[in-house]
Amino acid sequence: MNTSLTAALVSACLLAGVWIGMWLRRHLPEHHLSPDSRDTVKLAMGLVATMSALLLGLLVSSAKTSYDTTRSQVIQMASKVALLDRMLGIYGPEGAELRRQMRSLIEEQMRCMWPGERTAPTQARPQAQSGDAFYVAIQSLPTRDDTQRALKAQAVALTVEVAQLRSLMLAQSTSSISMPVLTVVVLWLVVIFLSFSLLAPPNATANLALMVSALCTAGALFLVLEMDRPFGGLIQISSEPLRNVLSQL
């Protein structure tokens with residue numbers, strides 16, 4: 001989903017609602033804008049506004065939960081990688097090559113998760129071939145005593161846990177925002193702004209306030225959509241935890 005294009009379309013729809021309301025206000029007969037009619041429209045729009053707020057809160061909650069979950073997984077991955085590096089260091093000279101291999105693997109994974117200058121949507125795709133080779137190398141470590149056997153078992157377990165986290169992030173890389181819900185929210189917001197402009201006094205100040213309000217609402221939806229892209233966009237998850245670990249490998 002292109003968040004900028006979606007936000008632009010939402011802004012256009014909301015502004016169109018404001019302009020249609022302004023046009024109707026000039027052409028409707030006077031009795032359609034009587035106090036009784038205005039009160040009826042206000043009551044109806046109050047119900048629509050309440051339902052829109054509930055659905056908008058649902059979108060925010062869904063995007064925020066997905067963002068926080070992915071951020072937690074990145075931090076967990078960083079901690080497990082750091083612990084795995086310490087275990088390989090304790091293991092002895094046999095683990096030195098594996099530590100270098102793990103550094104290359106983490107760098108490759110970070111390039112995939114945070115492509116930097118790229119503008120295309122990114123996904124946390126695990127590099128299966130390199131990961132498989134690293135796992136086989138861990139399993140092939142020679143053991144001389146009980147300490148090395150215990151360290152090897154723990155290293156294997158940590159490697160599997162890191163792979164599980166990467167696979168989980170891949171499975172969760174799809175959008176958490178329901179497009180039907182987003183569409184309904186936008187349609188209801190259009191109706192609300194149309195009614196606002198229909199009942200507003202015919203002056204430039206009121207019209208400008210409605211347009212600014214419509215753009216601010218579209219901006220809020222834009223931020224929600226950006227939050228749904230944890231590895232790209234304006235509100236992406238920081239790569240600092242993995243970079244700190246990488247500097248220590």
Side-chain angles (χ1 to χ4, degrees), residues 1-11 53-85 102-131 134 158-186 189 215-249:
M1 180 191 301
N2 190 319
T3 56
S4 299
L5 177 59
T6 304
L9 290 176
V10 172
S11 300
L54 291 174
L55 285 184
L56 187 58
L58 181 63
L59 291 177
V60 173
S61 175
S62 178
K64 186 65 166 60
T65 300
S66 176
Y67 181 90
D68 289 342
T69 300
T70 305
R71 180 175 178 273
S72 176
Q73 290 168 350
V74 170
I75 294 174
Q76 289 181 51
M77 179 184 294
S79 66
K80 292 180 185 296
V81 168
L83 183 57
L84 179 57
D85 179 67
M102 182 171 64
R103 179 183 176 86
S104 300
L105 185 61
I106 296 301
E107 289 176 342
E108 183 181 6
Q109 182 65 23
M110 289 182 63
R111 285 193 297 269
C112 180
M113 294 168 68
W114 290 277
E117 68 277 0
R118 294 182 193 173
T119 57
T122 60
Q123 292 181 338
R125 297 187 179 278
Q127 305 300 309
Q129 188 174 2
S130 301
F134 182 76
L158 280 173
T159 303
V160 172
E161 290 174 5
V162 171
Q164 288 175 339
L165 284 173
R166 294 189 306 179
S167 299
L168 188 58
M169 283 191 285
L170 173 61
Q172 295 174 343
S173 61
T174 56
S175 176
S176 63
I177 293 180
S178 171
M179 287 305 299
V181 174
L182 179 62
T183 303
V184 170
V185 169
V186 173
L189 289 173
L215 293 176
C216 290
T217 303
L221 289 174
F222 171 74
L223 292 178
V224 172
L225 295 175
E226 282 290 304
M227 194 179 296
D228 196 47
R229 301 170 56 212
F231 293 108
L234 297 177
I235 317 179
Q236 67 176 352
I237 293 173
S238 174
S239 61
E240 196 65 25
L242 281 175
R243 293 191 183 279
N244 289 338
V245 171
L246 194 62
S247 66
Q248 301 170 15
L249 296 183

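Heavy-atom basis, side chains included; hydrogens, waters and symmetry copies ignored.
- Under the 3.5 Å distance criterion, with hydrogens and angles disregarded, a donor-acceptor pair is assigned to the side chains of Gln76 and Ser72.
- A distance of 6.0 Å separates CG in Leu182 from CG in Leu59, rounded to the nearest 0.5 Å.
- To the nearest 0.5 Å, the span separating OG on Ser4 from CD on Glu226 amounts to 6.0 Å.
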Would you be so kind as to tabulate the donor-acceptor pairs closer than 3.5 Å made by side chains of residues 235-242, with sequence neighbours excluded?
| from | atom 1 | to | atom 2 | distance (Å) |
| --- | --- | --- | --- | --- |
| Ser238 | OG | Glu240 | N | 3.1 |
| Ser239 | OG | Arg243 | NE | 2.8 |

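- Each of Thr65, Thr69, Asp228, Thr70 was evaluated against Ser176; a single residue qualifies, Asp228, per the side-chain hydrogen bond (donor to acceptor under 3.5 Å, both in side chains) test.
- Using a 4.5 Å cut-off on side-chain heavy atoms (C-beta onward), Ile106 and Arg103 make no contact.
- Residues Leu221 and Leu189 have side chains in contact (heavy-atom distance under 4.5 Å, counting atoms from C-beta outward).
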Test side chain to side chain contact (heavy atoms under 4.5 Å, CB included) on Phe222 and Leu234; report intermediate values, then the result. CA-CA 10 Å; Phe222 171 74; Leu234 297 177; 3.5 Å; yes
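- The CE atom of Met113 sits 4.0 Å away from atom CE of Met169, with the distance rounded to the nearest 0.5 Å.
- Distance check: Arg229 CZ to Ile177 CD1 gives 11.0 Å after rounding to the nearest 0.5 Å.
- Residues Val185 and Leu56 come closest through the heavy atom pair CG2-N, 4.2 Å.
- Applying the salt bridge (Lys or Arg N to Asp or Glu O under 4.0 Å) test to every pair with at least one member in residues 69-81, sequence neighbours left out, gives these pairs: Lys80-Glu161.
- Across all their heavy atoms, Ala218 and Ala7 have their closest contact at CB-O, 4.2 Å.
- One distance of note links CG of Asp85 with CG of Leu246; it measures 10.0 Å at 0.5 Å rounding.
- With hydrogens and angles ignored, the 3.5 Å screen pairs a side-chain donor or acceptor of Ser247 with a backbone N or O of Asn244.
- At least one donor-acceptor pair under 3.5 Å links the side chain of Thr183 to the backbone N or O of Met179.
- Judged as a side chain to side chain donor-acceptor pair (under 3.5 Å), and not counting sequence neighbours, Gln164 has no contacts.
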